[in-house]
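For reference, the structure is listed below as structure tokens.
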Amino acid sequence: MRDVILKAVANPPKLFWGAVLPAALNAGLQIPFMFMAIGMADANPLIFIITIVLGHLFVVVLSAKDPHLSGMLQAYGATNLQSTNLYKVKGNKFEP
């Protein structure tokens, strides 16, 4: 059981060699825009497919540099909260 835990921590999930969360965001934002542009302006879908591939290549490069990119984005979202400080100090001190 210990091997499974270490493997899950050492090898975060990938989606076509890129971190899952940024790759899903890339596809989840660009594909609906592609269909809207095709329907409303009769745009060429090849332009959007090229931008989806280029965006995914960018995610793959970032994921190769830091494989835990999805976890870092999730942690940033959880800790980027504004709190009210008890004392007059500069910055966010996470005090109640």
Side-chain angles (χ1 to χ4, degrees):
M1 181 160 165
R2 188 172 191 168
D3 293 334
V4 175
I5 294 171
L6 293 176
K7 184 177 179 182
V9 170
N11 298 324
K14 302 277 185 187
L15 181 66
F16 298 115
W17 304 283
V20 173
L21 187 62
L25 285 173
N26 177 38
L29 289 175
Q30 289 196 31
I31 290 174
F33 285 130
M34 175 180 71
F35 285 120
M36 286 190 293
I38 290 170
M40 292 172 26
D42 200 29
N44 187 358
L46 186 61
I47 295 169
F48 290 98
I49 291 173
I50 290 171
T51 60
I52 290 170
V53 170
L54 289 176
H56 189 74
L57 287 175
F58 181 70
V59 169
V60 168
V61 169
L62 288 178
S63 298
K65 184 178 177 185
D66 187 7
H68 297 282
L69 186 60
S70 292
M72 287 175 40
L73 289 174
Q74 289 173 344
Y76 177 75
T79 59
N80 190 26
L81 303 173
Q82 296 295 326
S83 68
T84 56
N85 294 332
L86 292 175
Y87 312 107
K88 292 285 185 185
V89 293
K90 195 176 198 178
N92 196 2
K93 300 296 180 187
F94 295 109
E95 295 175 356

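Counting from 1, the numbers follow the sequence of the chain as shown.
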Worksheet, complete the sentence: Contacts of Gln30 meeting side chain to side chain donor-acceptor pair (under 3.5 Å) (sequence neighbours excluded), chain-then-number -> Asn26, Thr51

Worksheet item: Say you draw a straight line from CH2 of Trp17 to CG of Leu57; how long is it, rounded to the nearest 0.5 Å?
Response: 10.5 Å

Worksheet item: What are the two closest heavy atoms between Leu73 and Pro22, and how far apart are they?
Response: CD1-CG, 3.8 Å

Quiz: residues 43-50 side-chain donor-acceptor pairs under 3.5 angstrom, not counting sequence neighbours:
unit_1: Asn44; atom_1: OD1; unit_2: Leu46; atom_2: N; d: 3.2

Response to the item:
Between the CG atom in Asp66 and the CE atom in Met72, the distance rounded to the nearest 0.5 Å is 4.5 Å

Worksheet item: For the residue pair Pro67 and Pro12, what are the closest heavy atoms and their distance?
Response: O-CG, 3.1 Å

Item to complete: Check for a donor-acceptor pair, side chain of Ser63 on one end and backbone N or O of Gly18 on the other, with a separation under 3.5 Å.
Response: no

Worksheet item: Which atom names give the shortest non-hydrogen contact between Ala24 and Leu15, and what distance separates them?
Response: N-CD2, 4.4 Å

Discussion item. Check for me, please, whether Ile38 and Met40 land in the same ILVMFWY cluster - side-chain distances under 4.5 Å, paths through other members count.
Written reply: no

